[in-house]
Amino acid sequence: MNLAPASTAPESVVSGLGVEVKGLVVRRGARRVLDNLSFQLAAAELLLITGPAGCGKSTLLQTLAGVLSVDAGQILVGGRSAAEALAAGQVGAVFQRDSLLPELTVLENLLLPLMVGRRLSRRVAMIRAQVLLAQFGLVDIMHAWPGRLSDALRRRALLARVMAVQPELLLLDDILAGLDAAGRALIVRILSPPTGRVATIIATTSRPEDFARDAGAMLLLPQGTAIRYDQRGTDNGAP
Ligand SMILES: Nc1ncnc2c1ncn2[C@@H]1O[C@H](COP(=O)(O)OP(=O)(O)OP(=O)(O)O)[C@@H](O)[C@H]1O
């Protein structure tokens with residue numbers, strides 16, 4: 001197995017994309033789930049989206065990912081539409097029902113997006129996968145089948161898989177759900193490394209307190225309305 005250091009791999013410098021949402025309206029069935037929502041996010045910032053079940057957190061992430069169309073308003077990701085950013089490979093997402101491929105080991109789950117998605121050779125993909133396994137503390141379980149891992153380890157491996165392709169905007173739907181305190185703390189540390197974040201992150205959570213120290217901004221989506229709060233909890237204005 002090739003254990004060459006990460007510096008031998010061709011790495012592009014990524015620092016995240018700014019996101020701008022203006023007057024966003026998204027209906028699901030008869031309901032206007034997102035109702036004239038506007039916010040801005042700087043590159044490499046972490047935005048937390050929170051609110052009660054059914055308020056539209058996943059809807060917002062799916063819309064930002066470019067997989068759900070908008071009924072009104074505009075989303076700009078690094079100056080492009082959400083769908084263009086997705087097509088350009090700049091957006092990575094982990095949704096609530098996403099899972100590792102059960103018939104592949106953790107290592108193979110990381111190699112797949114690098115070789116198929118990014119078209120890297122197996123040798124280069126292996127180098128990058130080794131770096132990720134070390135960063136995410138997964139070296140000891142790289143040959144394990146996902147079904148044999150704890151939820152916390154599976155979430156870590158899911159994050160490693162999506163971050164393998166170096167998305168500049170990372171969308172995480174309830175990534176801390178079902179984890180114990182140690183698992184949550186670990187994932188928060190991975191998302192806010194001391195060396196600085198290399199992607200813009202928008203994460204939904206029902207436990208904002210786990211992230212709050214690291215979040216640049218928090219967006220509260222009460223039922224039927226959208227209000228932006230900044231870091232200090234100040235109301236920046238309802239639509
Ligand atoms: N495919 C769909 N078709 C119609 N309505 C939907 C669909 N998906 C979600 N909804 C409705 O849209 C609203 C927002 O759902 P969404 O999943 O975005 O909320 P959420 O805040 O992420 O909830 P949770 O915290 O439970 O995941 C809910 O009323 C939900 O029932």
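When reading the values below, keep in mind they use all heavy atoms of this one structure, side chains included, and skip hydrogens, waters and symmetry mates. Just so you know, ligand 1 is whichever comes first in the structure, and atom 1 is the first atom listed for that ligand.
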So Leu179 and Ile187, side-chain contact (heavy atoms from CB on, under 4.5 Å) or not? Walk me through it. CA-CA 10 Å; Leu179 299 186; Ile187 286 185; 3.6 Å; yes
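- Taking all heavy atoms of Lys57, Gln96, Arg28, Arg31 into account, the minimum distance to atom 5 (N) of ligand 1 is reached by Arg28.
- No donor-acceptor pair closer than 3.5 Å links the side chain of Arg184 to the backbone N or O of Asp210.
- Note on Leu100: it clusters hydrophobically with Met115, by side-chain heavy-atom contacts below 4.5 Å among ILVMFWY residues.
- For Gly29, no nitrogen or oxygen atom sits less than 3.5 Å from a nitrogen or oxygen atom of ligand 1, counting backbone and side chain alike.
- For ligand 1, the atoms closer than 4.0 angstrom to any heavy atom of Thr59 are 14 (C), 15 (O), 16 (P), 18 (O).
- Annotation: side chain to side chain donor-acceptor pair (under 3.5 Å) contacts of Thr50 (sequence neighbours excluded): none.
- Backbone and side-chain nitrogen or oxygen atoms of Cys55 are examined, and one is located within less than 3.5 angstrom of a nitrogen or oxygen of ligand 1.
- Proximity of Val33 to ligand 1, defined as any heavy-atom pair under 4.0 Å, is confined to the side chain (atoms from C-beta onward).
- The closest approach between any non-hydrogen atom of Gln62 and ligand 1 is not below 4.0 Å.
- Scanning Pro52, Ala177, Ser58, Gly56 for the heavy atom closest to atom 22 (O) of ligand 1 points to Ser58.
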Mind running side chain to side chain donor-acceptor pair (under 3.5 Å) on Thr204 and Asp173 for me, showing each step along the way? CA-CA 5 Å; Thr204 70; Asp173 202 1; 2.6 Å; yes
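- Sorted by first then second residue, the salt bridge (charged side-chain N to carboxylate O under 4.0 Å, His left out) pairs that include residues 139-154, not counting sequence neighbours, are Asp151-Arg154.
- Looking at Ser206 against ligand 1, nothing comes within 4.0 Å, counting heavy atoms.
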